[in-house]
Amino acid sequence: MQRNGDDVNWTRRQALWAGGGIGAAALLSACGGGTDAASSPADSAGGTPRKGGTLRIGALGRASAITRDPHGVQGNESDYLIIALVYDTLTAPGVKDNTVGRLASAWKPSDDLKTWRFTIAEGAAFHDGSPVTADDVVWSLRRLRNTPAGPGRLPGIKAENITADGKETVVLVSDDANAELPLLTRLSTFVLKKDTADKEVAKAPGTGPFKLDWYRNGNARLLRNDKWHGGQVHLDAIEVTMFESPQAMANALLGGQIDVASNVGAVAARTAASRKDIQLVRRPDDMAMPIVMRTADGPFADVKVREAMKLVVDREAMVKQVLSGYGTVANDILGTGDPAYAKDIPQRRRDLAKAKKLLEEAKFDFSKTYELITTEDIPGLAESATLFANQAREADVKIKVVKQESGAFYDKTWLKGELYTNYWGTNDSVVFFASKTMVTGAGQNEAGWSDSQFDGTYRKVIGTADKKARAAALRELQQIEHEKSGYLLWGMADGIDLAGSKVRNLPKLPGYGRVQFENVWLAR
């Protein structure tokens, strides 16, 4: 989701999301921002960046899921895009490093890896001209922490352990050692002015590269922030238009009504493939599209049943048919873009005979029809549910696909359902997913999973700066996830943007990095 899951796309929507590794050594040193942008100053089409122009961008969304709160559940791509352009997070995904500075210019841990000190970037200011202070950041992070999904967004950090040390330093104290805490501040730590009333949040000034001009029913116009602390912004303005379907958005691009169709999907990519005036920006393995099985109770609580379901799916067929080949087969481990991703764990392949045997051993009820809840929030999601249901019939498992509107899904099904599809628009960190969605008590524990071995191994991963020990623990963590978790991750979808011929330097990072438009410019 970019729920950004609440991060939900974070997240998901992508979501957030390539890039290089984030080893413990990198995290233990102070890290500066502005030198590792999501897109490079020069682009493949050549030319010198020019100032000016309005970029018209389309993004997916539904009226029923609109939110203006930076700390709310951003179920719409369009909402997350607007929020991420107006507000800054403490850190962000980078090209060379998974984590680079955004509103924070540097960070440093204590020797025990429990206390982290973040320095606010020099010159950081709100759009009304007032400087960003540590008190603003503390208030915003505490507000975030106290949302329903707050514990998952800032895992292991209590609200009272977020404090200020002077005007420029924010101190985060974790219950346990956490060598990767800066990575966890990339996607949803949007900063508001201290004591902003809930009813004023939608109009509150941000600190980002663009400031809000107007907003109407999911659509918005944003103006360049000439005083942004992060550097020069090229565009005069960005106009965001919400579309409820990828096809409508693609048609608007082909008809010249917008300049960019964001995360438009494989079908639209095929449609535009023959158009020489249309650019296709492809971000490999951009989005995880798992099927989630509830492990806490119900028919999928038995690990044998979960393994059987993972053996039922024909992954190659899913990638070919659902993604039109714009993606890759996955192996039930979230975080495929992590440099430490365990590629040596054998790829799980379809085995109907073994699946049936496991289901029989688990005394699975073959007479019952099981509902698989899905949405049409992103291209291919509902199609993946339908194809999986057809494949499951070959193992005598009856599945009925039920489509829900986005708002109803996140209210009634997400974190609660027995069987449902979901998506995450970030894939560059195994630890990110473990902390957000799998450790016991995680705020976004989508499968209701609790495993003491997994929890203990996770603590080993984040609690050591020793590279060798961390690598061994991270490999073990992924093995446990592969064998036991409630995630059936059959494939990774490529992220696909379509753009007009004048658009230059669109970001190529997934997730939050994908919506960093400060370096985008328009050719004449």
Side-chain angles (χ1 to χ4, degrees), residues 2 9 13-19 36-60 77-78 80-82 84-85 92-96 100 102 208-210 222 224 228 230-241 243 246 249-250 252-254 256-266 268-269 272-273 275-287 326 337 378-379 425-426 428 493-524:
Q2 237 157 21
N9 280 247
R13 274 143 172 56
Q14 332 160 281
L16 325 155
W17 116 329
D36 190 15
S39 52
S40 58
D43 75 302
S44 58
T48 301
R50 61 179 287 268
K51 196 171 184 178
T54 297
L55 180 73
R56 302 166 302 167
I57 182 168
L60 294 174
E77 282 253 359
S78 50
Y80 189 73
L81 173 60
I82 294 166
L85 292 172
V95 177
K96 296 178 183 178
V100 298
R102 191 73 171 178
F210 292 88
L222 311 173
R224 178 177 63 238
W228 186 52
Q232 183 181 26
V233 180
H234 302 307
L235 297 167
D236 285 338
I238 292 180
E239 292 181 354
V240 179
T241 301
F243 290 88
M249 182 165 58
L253 175 76
L254 298 175
Q257 285 83 46
I258 59 175
D259 304 305
V260 177
S262 176
N263 224 32
V264 72
R275 292 278 296 262
K276 294 183 179 179
D277 59 332
I278 301 298
Q279 304 177 61
L280 189 152
V281 178
R282 185 172 177 177
R283 299 179 302 278
D285 298 345
D286 182 45
M287 186 176 297
Y326 288 93
I378 62 164
T426 185
D428 57 5
D494 292 347
I496 298 172
D497 295 339
L498 298 180
S501 59
K502 293 183 179 181
V503 181
R504 298 287 186 270
N505 210 28
L506 282 173
K508 295 180 175 60
L509 285 178
Y512 177 47
R514 185 174 63 76
V515 296
Q516 296 175 40
F517 282 87
E518 58 269 16
N519 290 324
V520 176
W521 57 283
L522 296 173
R524 295 186 185 279

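Quick note: numbers below take in every heavy atom, side chains included, and nothing from hydrogens, waters or symmetry partners.
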Engineer: Flag the pair I258 / M249 as yes when at least one side-chain heavy-atom distance between them is below 4.5 Å, and no otherwise.
Structural biologist: yes
Engineer: What I'd like to find out is whether the side chain of P379 reaches to under 4.5 Å of the side chain of N263, using heavy atoms alone.
Structural biologist: no
Engineer: Taking the side chain as C-beta and beyond, is there a heavy-atom pair between I82 and Y80 under 4.5 Å?
Structural biologist: no
Engineer: Would you name the heavy atoms of R283 and D497 that are closest together and state the gap between them?
Structural biologist: NH1-OD2, 2.9 Å
Engineer: Please report the interatomic distance CG(L235) to CD1(I57), rounded to the nearest 0.5 Å.
Structural biologist: 10.0 Å
Engineer: Calculate, to the nearest 0.5 Å, the distance between atoms CG and CG belonging to D259 and L506 respectively.
Structural biologist: 10.0 Å
Engineer: At their closest point, which heavy atom of L280 faces which heavy atom of A269, and how far apart are they?
Structural biologist: CD1-CB, 3.6 Å
Engineer: Give the minimum heavy-atom separation between E239 and T54, together with the two atoms involved.
Structural biologist: CG-CG2, 3.7 Å
Engineer: To the nearest 0.5 Å, what is the distance between CG (L522) and CG (N505)?
Structural biologist: 11.5 Å
Engineer: How many angstroms lie between atom CZ of R504 and atom CH2 of W521, to the nearest 0.5 angstrom?
Structural biologist: 5.5 Å
Engineer: Looking at CD of Q279 and CG of L253, how far apart are the two atoms once the value is rounded to the nearest 0.5 Å?
Structural biologist: 10.0 Å
Engineer: State the CZ-CG distance between F517 and L222, to the nearest 0.5 angstrom.
Structural biologist: 11.0 Å
Engineer: Counting only N and O atoms by type, is there a donor-acceptor contact under 3.5 Å from the side chain of R514 to the main-chain atoms of P507?
Structural biologist: no
Engineer: Donor-acceptor check, side chain of R102 to backbone of G208, threshold 3.5 angstrom: yes or no?
Structural biologist: no
Engineer: Can you name the nearest heavy-atom pair linking A272 to L498, along with the distance?
Structural biologist: CB-CD1, 3.8 Å
Engineer: Counting C-beta onward and ignoring hydrogens, is there a side-chain heavy-atom pair between D494 and D285 closer than 4.5 Å?
Structural biologist: yes
Engineer: Minimum heavy-atom separation for G495 to D286, with atom names?
Structural biologist: N-CB, 3.1 Å
Engineer: Which heavy-atom pair separates V233 from W228 by the least distance, and what is that distance?
Structural biologist: CG2-CE3, 3.9 Å
Engineer: Less than 4.5 Å apart, any side-chain heavy atom of R224 and any of Q232?
Structural biologist: no
